[in-house]
There are 2 protein chains.
Amino acid sequence: MATAERQTAAEGIRLTPVRRRALEILLESHRAMGACEVLERLSQDGFGNQPPVAYRALDFLVEHGLAHRIQRLNAYAACHAPGQPHAPVFLICRGCDKVAETGTDSLRGALDDLARASDFTIERMAVEALGLCPACRAAEDAS
Amino acid sequence: MATAERQTAAEGIRLTPVRRRALEILLESHRAMGACEVLERLSQDGFGNQPPVAYRALDFLVEHGLAHRIQRLNAYAACHAPGQPHAPVFLICRGCDKVAETGTDSLRGALDDLARASDFTIERMAVEALGLCPACRAAEDAS
DNA sequence: CATTGACTTGTTATTCTATAACATAAATAA
DNA sequence: TTATTTATGTTATAGAATAACAAGTCAATG
């Protein structure tokens, strides 16, 4: 959160009350949340209760690298390493729906090579893996 | 298409008329298509004209590796290398919406390493990169 | 201070995407 | 044949996202 404040201040963009609260909500939950879920929380705190309120705040966060959008789940999650450029990898558990964010330099390297080879300019990317986290795998093996 | 027939026959699954036609439609278009777009074509060919008709056929194709789902576009595209296991990478041009499917072994290696390190069982994954294809970049630079 | 212009928020309405649930029909197995 | 599974068609509904407009806020300039 402090990082987010520093970053927005440095870039001269405005972390307004709704946006700030939306980020806090994502950070507090420690998981990916749907826009409607975020909206519900926002409206409880006195902000508007129509979809655009949530979508605009979330879009802003994604736009400025403070949050990620998990396409597969139609959900959003706070970025755990804002500021520094990275090729985030999301490990999505189909058992409990938890999302872990990781990433490696070797992956980034492989992607950069690929972009060079195909002459494609990559501006933004996401790697989403669906599977089972250790806990859910254990549960499934047991049954 | 011939590959698809061989594969379904080998696996003992049924490539029924709707499914077959859906795959043909994807193959003919050489691009990613929305479910509704596919539905329209299917209904023109005498199949049902309600959403589930398209979604079921497309889900089947994705399930069996004959097509991919491009999350970012809410669209589907035929797989260009069905059968063999791969970590497909989609290069999505934000200018013309064309989608190129590539992939490298080094990428797959990096992802496998990641999965091992986090003890996460990856069952399925997709890498989607958004950016500009050579043609659209040239057009943008010119303006 | 007043006013301009850019940005932000709230609201209404609508569009697009996807699935649940059920009835019917076809294919496979016993 | 009969039973069982699998697939299709249809109705209805749920879920996700955006367009368009009105109103408010804010900083900067004259």
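Chain A is the first sequence line, chain B the second, and so forth, proteins listed ahead of strands; every chain is numbered from 1.
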Aromatic contact, A/Tyr76 with A/His68 (centres under 6.0 Å):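 Ring centroids of A/Tyr76 and A/His68 are no less than 6.0 Å from each other.
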Between [N] ([atom2]) and [X] ([atom1]): distance, integer Å:
{"X": "A/Gln71", "N": "C/dA18", "atom1": "CD", "atom2": "P", "value": "11 Å"}
{"X": "B/Glu11", "N": "D/dT6", "atom1": "CD", "atom2": "C1'", "value": "17 Å"}
{"X": "B/Leu42", "N": "D/dT8", "atom1": "CG", "atom2": "P", "value": "11 Å"}
{"X": "B/Glu37", "N": "C/dT17", "atom1": "CD", "atom2": "P", "value": "9 Å"}
{"X": "B/Leu39", "N": "C/dC16", "atom1": "CG", "atom2": "C1'", "value": "13 Å"}
{"X": "A/Leu58", "N": "D/dA16", "atom1": "CG", "atom2": "P", "value": "13 Å"}
{"X": "B/Asp59", "N": "D/dA7", "atom1": "CG", "atom2": "C1'", "value": "14 Å"}
{"X": "A/Asn74", "N": "C/dT19", "atom1": "CG", "atom2": "C1'", "value": "13 Å"}

Using a strict cut-off of less than 4.0 Å between a Lys/Arg side-chain nitrogen and an Asp/Glu carboxylate oxygen, indicate whether [X] and [Y] qualify as a salt bridge.
{"X": "B/Glu128", "Y": "A/Arg72", "answer": "no"}
{"X": "B/Arg31", "Y": "B/Glu37", "answer": "yes"}
{"X": "A/Arg94", "Y": "A/Glu140", "answer": "yes"}

N/O (side chain, A/Arg69) to phosphate O (OP1/OP2, D/dA16) under 4.0 Å: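 Checking D/dA16 against A/Arg69, no side-chain N or O comes under 4.0 Å of OP1 or OP2.
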Contact under 4.0 Å: B/Tyr55 side-chain N or O vs C/dT19 OP1/OP2: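 No, B/Tyr55 has no side-chain N/O under 4.0 Å of OP1/OP2 on C/dT19.
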By side chain to side chain donor-acceptor pair (under 3.5 Å) - contacts of B/Thr8 (at least two apart):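 Counting only residues at least two positions away or on another chain, B/Thr8 forms no side chain to side chain donor-acceptor pair (under 3.5 Å).
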What pairs of nitrogen or oxygen atoms, one from the protein and one from nucleotides 8-14 of chain C, lie under 3.5 Å apart?
{"from": "C/dT8", "atom 1": "OP1", "to": "A/Arg19", "atom 2": "NH1", "distance (Å)": "3.1"}
{"from": "C/dT8", "atom 1": "O5'", "to": "A/Arg19", "atom 2": "NH2", "distance (Å)": "3.3"}
{"from": "C/dT9", "atom 1": "OP1", "to": "A/Thr16", "atom 2": "OG1", "distance (Å)": "2.5"}
{"from": "C/dG10", "atom 1": "N7", "to": "A/Arg56", "atom 2": "NH2", "distance (Å)": "2.4"}
{"from": "C/dG10", "atom 1": "O6", "to": "A/Arg56", "atom 2": "NH1", "distance (Å)": "3.3"}

Pairwise salt bridge (Lys or Arg N to Asp or Glu O under 4.0 Å) hits with a residue in residues 3-14 of chain A, at least two apart: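 Only A/Glu5-A/Arg20 qualify under salt bridge (Lys or Arg N to Asp or Glu O under 4.0 Å).
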